[in-house]
Peer 1: 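Provided herewith is a single structure, encoded as structure tokens, for subsequent inquiry.
Atoms within each ligand, like the ligands themselves, are counted from 1 in listed order. The figures here come from the full heavy-atom set of this structure, side chains too, leaving out hydrogens, waters and symmetry mates.
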Amino acid sequence: MTDGDPVDEVIEVIAQSATEIRRGLVGRREDADAENPSGETQAEADVYADELLADRISSIDGVCQYGSEERQETIDCGDEDGLSVGVDPLDGSSNLKSNNTMGTVFGIYDEPLPAPGTALVASGWILYGPITTMACARDGTVRKYELAGDERSLVDDGITLPDDPLVYGFGGRVPDWSEAFEAFAREVESDDSLKLRYGGAMIGDVNQVLTYGGIFAYPALEDAPRGKLRLQFEGNPIAYLVEAAGGSSSDGSGSILEIEPDDLHDRVPVHVGNDELIDRLEDALE
Ligand code: AHM
Ligand code: MG
């Protein structure tokens with residue numbers, strides 16, 4: 001039950017759509033003949049997930065804008081005082097080919113997009129793993145659900161990052177990292193309490209950090225100083241959730257949530273995880 005609260009309704013609609021998105025992956029693993037606004041080739045499943053979510057979310061009373069990594073412009077769909085919803089419909093879709101983990105990411109903002117992360121009122125992600133789960137942050141509380149058909153079952157309430165971090169995963173090619181980031185990565189690798197976990201889908205990798213503690217990064221690269229991931233659809237939603245779980249986020253110098261966006265498809269260097277590791281990262285990049 002959502003009691004007419006549009007934030008709850010958006011979360012419920014995304015939860016219900018997730019099992020359909022998952023079913024829709026079958027037969028949609030090939031590339032579509034199109035690129036997204038970031039210049040990446042879209043898979044058929046990227047387009048399918050975006051259209052399904054656009055249709056559902058833009059019909060919710062109280063939502064005025066739908067924006068997505070997969071479309072150039074936002075859809076305006078209600079009176080301008082409503083919520084704006086930004087999504088990455090299928091995160092990690094390059095994993096379609098090898099049939100590995102993917103996700104759906106969402107941020108619910110109370111300002112028009114592009115908006116800073118301080119305008120988020122809730123965020124979360126779906127993880128298409130061996131089972132489908134949803135992690136969701138609202139009012140400073142992080143909850144995890146299992147999804148099956150139309151059923152959403154709460155399995156964990158008040159989630160916080162474990163105190164003793166266990167995993168790390170860093171994206172991008174090592175030769176493209178800055179010297180400062182590489183030095184930090186080498187230090188992390190040499191810590192025998194930490195082990196590498198990298199699956200090529202941000203949501204899979206960040207969900208491991210939420211579960212075991214640690215750090216995920218897709219840093220600035222030599223030829224891409226703002227990294228790869230998108231602020232509205234990836235950086236802000238995961239930063240909001242990780243911070244709500246007692247961790248930290250950083251673009252290299254401060255919280256991702258404090259960044260003022262210029263464009264809907266702005267990119268951002270992403271580092272999220274336990275405070276202590278993000279502090280060390282910021283010291284290393286200073
Ligand atoms: P996508 O949303 O188009 O799938 O791109 C984002 C993904 C992240 O999930 C992941 O961390 C990163 O791209 C992996 O990039 P790469 O293939 O360059 O390692
Ligand atoms: Mg993505």
Side-chain angles (χ1 to χ4, degrees), residues 14 18 21-22 24-25 28-32 34-51 53-54 67-72 85-107 123-129 135 167-177 181-182 185 196-210 214-242 249-251 256 264-273:
I14 293 172
I21 291 174
R22 182 174 189 124
L25 301 177
R28 292 191 177 86
R29 294 167 71 190
E30 300 295 322
D31 287 345
E35 284 189 349
N36 71 10
S38 304
E40 299 158 348
T41 303
Q42 292 174 305
E44 290 172 358
D46 284 318
V47 177
Y48 171 77
D50 177 51
E51 285 174 358
L53 290 171
S68 154
E69 185 179 304
E70 303 302 341
R71 58 179 69 218
Q72 191 67 48
V85 182
V87 307
D88 177 356
L90 197 54
D91 174 64
S93 55
S94 62
N95 278 355
L96 276 165
K97 198 168 177 180
S98 56
N99 186 24
N100 281 99
T101 299
M102 284 167 282
T104 292
V105 195
F106 63 93
S123 81
W125 62 70
I126 309 289
L127 174 62
Y128 305 104
V167 299
Y168 64 93
F170 302 143
R173 294 179 65 248
V174 179
D176 296 335
W177 290 349
F181 184 82
E182 186 173 351
L196 172 64
R197 291 288 173 88
Y198 188 73
M202 177 190 73
I203 285 311
D205 296 326
V206 173
N207 201 68
Q208 296 219 40
V209 169
L210 183 65
I215 180 170
F216 166 81
Y218 202 108
L221 305 177
E222 291 295 349
D223 60 349
R226 300 301 291 163
K228 173 181 183 189
L229 302 174
R230 273 73 25 159
L231 179 63
Q232 299 295 294
F233 313 118
E234 295 166 315
N236 275 341
I238 65 160
Y240 182 86
L241 192 148
V242 170
S249 76
S250 178
D251 67 347
I256 290 171
L264 185 64
H265 297 282
D266 275 355
R267 298 179 193 259
V268 64
V270 168
H271 317 82
V272 291

Peer 1: Considering the heavy atoms of Glu40, write down every atom of ligand 1 situated less than 4.0 Å from one of them.
Peer 2: 3 (O)

Peer 1: Consider only side-chain N and O atoms of Ser93 and Asp46, and report whether a donor and an acceptor are under 3.5 Å apart.
Peer 2: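 Yes.
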
Peer 1: Could you tell me whether the side chain of Val167 reaches within less than 4.5 Å of the side chain of Val209, counting heavy atoms only?
Peer 2: yes

Peer 1: To the nearest 0.1 Å, how far is atom 4 (O) of ligand 1 from its closest protein heavy atom, and which atom is that?
Peer 2: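 I find the closest protein heavy atom is Gly92 N, 2.7 Å.
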
Peer 1: So is Gly200 touching ligand 1 or not, going by heavy atoms under 4.0 Å?
Peer 2: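 Distance cut 4.0 Å: Gly200 passes for ligand 1.
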
Peer 1: Evaluate the side chain to side chain contact (heavy atoms under 4.5 Å, CB included) criterion for residues Leu25 and Leu90: first the C-alpha distance (whole Å), next the side-chain angles of each, then the deciding distance (0.1 Å), finally the verdict.
Peer 2: CA-CA 10 Å; Leu25 301 177; Leu90 197 54; 3.8 Å; yes

Peer 1: Donor-acceptor pair, Arg267 side chain versus Leu229 backbone, under 3.5 Å?
Peer 2: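 No, because the side chain of Arg267 does not come within donor-acceptor range (under 3.5 Å) of the backbone of Leu229.
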
Peer 1: Determine whether Asn207 and Trp125 satisfy the following criterion, side chain to side chain contact (heavy atoms under 4.5 Å, CB included), listing intermediate values before the conclusion.
Peer 2: CA-CA 9 Å; Asn207 201 68; Trp125 62 70; 3.0 Å; yes

Peer 1: Looking at atom 19 (O) of ligand 1, what's its closest protein heavy atom, distance included?
Peer 2: Tyr198 OH, 3.2 Å

Peer 1: Is ligand 1 less than 4.0 angstrom away from at least one heavy atom of Glu234?
Peer 2: yes

Peer 1: Would you mind telling me if ligand 1 is within reach of the side chain of Leu229, the backbone, both or neither, using heavy atoms under 4.0 Å?
Peer 2: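 The answer is the side chain of Leu229.
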
Peer 1: Please report how many protein N/O/S atoms lie under 2.8 Å from the Mg ion (ligand 2).
Peer 2: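 Every protein N, O or S atom under 2.8 Å from the Mg ion (ligand 2) counted, the figure is 3.
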
Peer 1: Which of the atoms in ligand 1, numbered in the order shown and given with their element, are less than 4.0 Å from a heavy-atom of Ala201?
Peer 2: 9 (O)

Peer 1: Check for me whether Arg22 meets the cation-pi criterion with Tyr128, that is, NZ or CZ under 6.0 Å from the six-membered ring centre and within 45 degrees of the ring axis.
Peer 2: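 Ring-cation test returns no.
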
Peer 1: Above 12 or not: heavy atoms from other molecules or residues under 6.0 Å from CD of Glu40?
Peer 2: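 Result for CD/Glu40: enclosed.
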
Peer 1: Test of understanding: with side-chain hydrogen bond (donor to acceptor under 3.5 Å, both in side chains), list the residues that count as partners of Arg71, not counting sequence neighbours.
Peer 2: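 In terms of side-chain hydrogen bond (donor to acceptor under 3.5 Å, both in side chains), with neighbours along the sequence ignored, Arg71 is linked to Asp50.
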
Peer 1: Identify, for atom 1 (P) of ligand 1, the protein heavy atom at the shortest distance, and state residue, atom and that distance.
Peer 2: Glu69 OE2, 3.6 Å

Peer 1: Run Arg197 and Tyr168 through side chain to side chain contact (heavy atoms under 4.5 Å, CB included) and show every step you take.
Peer 2: CA-CA 6 Å; Arg197 291 288 173 88; Tyr168 64 93; over 6 Å; no

Peer 1: Answer yes or no for Asn95: is there a heavy-atom contact with ligand 1 below 4.0 Å?
Peer 2: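 Contact check Asn95 vs ligand 1: negative.
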
Peer 1: Is Asp205 close to ligand 1, meaning an N/O of one under 3.5 Å from an N/O of the other?
Peer 2: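 Min N/O separation from ligand 1 is not below 3.5 Å for Asp205.
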
Peer 1: For atom 18 (O) of ligand 1, grab the closest protein heavy atom and report residue, atom and distance to one decimal in Å.
Peer 2: Tyr218 OH, 3.0 Å

Peer 1: Would you say Arg230 and Asp266 make side-chain contact, with heavy atoms under 4.5 Å?
Peer 2: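 They are not in side-chain contact.
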
Peer 1: Within a strict 4.5 Å, meaning less than it, do heavy atoms of the Asp251 and His271 side chains meet?
Peer 2: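 A side-chain contact under 4.5 Å is absent here.
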
Peer 1: About how many Å separate CD1 of Ile21 and CE of Met102, when rounded to the nearest 0.5 Å?
Peer 2: 11.0 Å

Peer 1: Is ligand 1 under 4.0 Å from a heavy atom in the side chain of Asp88, in the backbone, in both, or in neither?
Peer 2: side chain

Peer 1: So is Arg230 touching ligand 1 or not, going by heavy atoms under 4.0 Å?
Peer 2: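 Yes; Arg230 lies near enough to ligand 1 that a heavy-atom distance drops under 4.0 Å.
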
Peer 1: Classify the side-chain pair Gln42/Glu35 by whether it contains a donor and acceptor separated by less than 3.5 Å.
Peer 2: no

Peer 1: May I ask you to check if ligand 1 and Ser94 share an N or O to N or O distance below 3.5 Å?
Peer 2: no

Peer 1: Ring pair (Phe, Tyr, Trp, His ring centres under 6.0 Å) for Phe181 and Phe170? Distances and angles first, verdict last.
Peer 2: CA-CA 10 Å; Phe181 184 82; Phe170 302 143; 5.2 Å; yes

Peer 1: How close does the nearest protein non-hydrogen atom get to atom 7 (C) of ligand 1, and which residue and atom is it?
Peer 2: Lys228 NZ, 3.8 Å

Peer 1: How far is atom 11 (O) of ligand 1 from its nearest protein heavy atom, and which residue and atom name does that atom have?
Peer 2: Met202 N, 3.4 Å

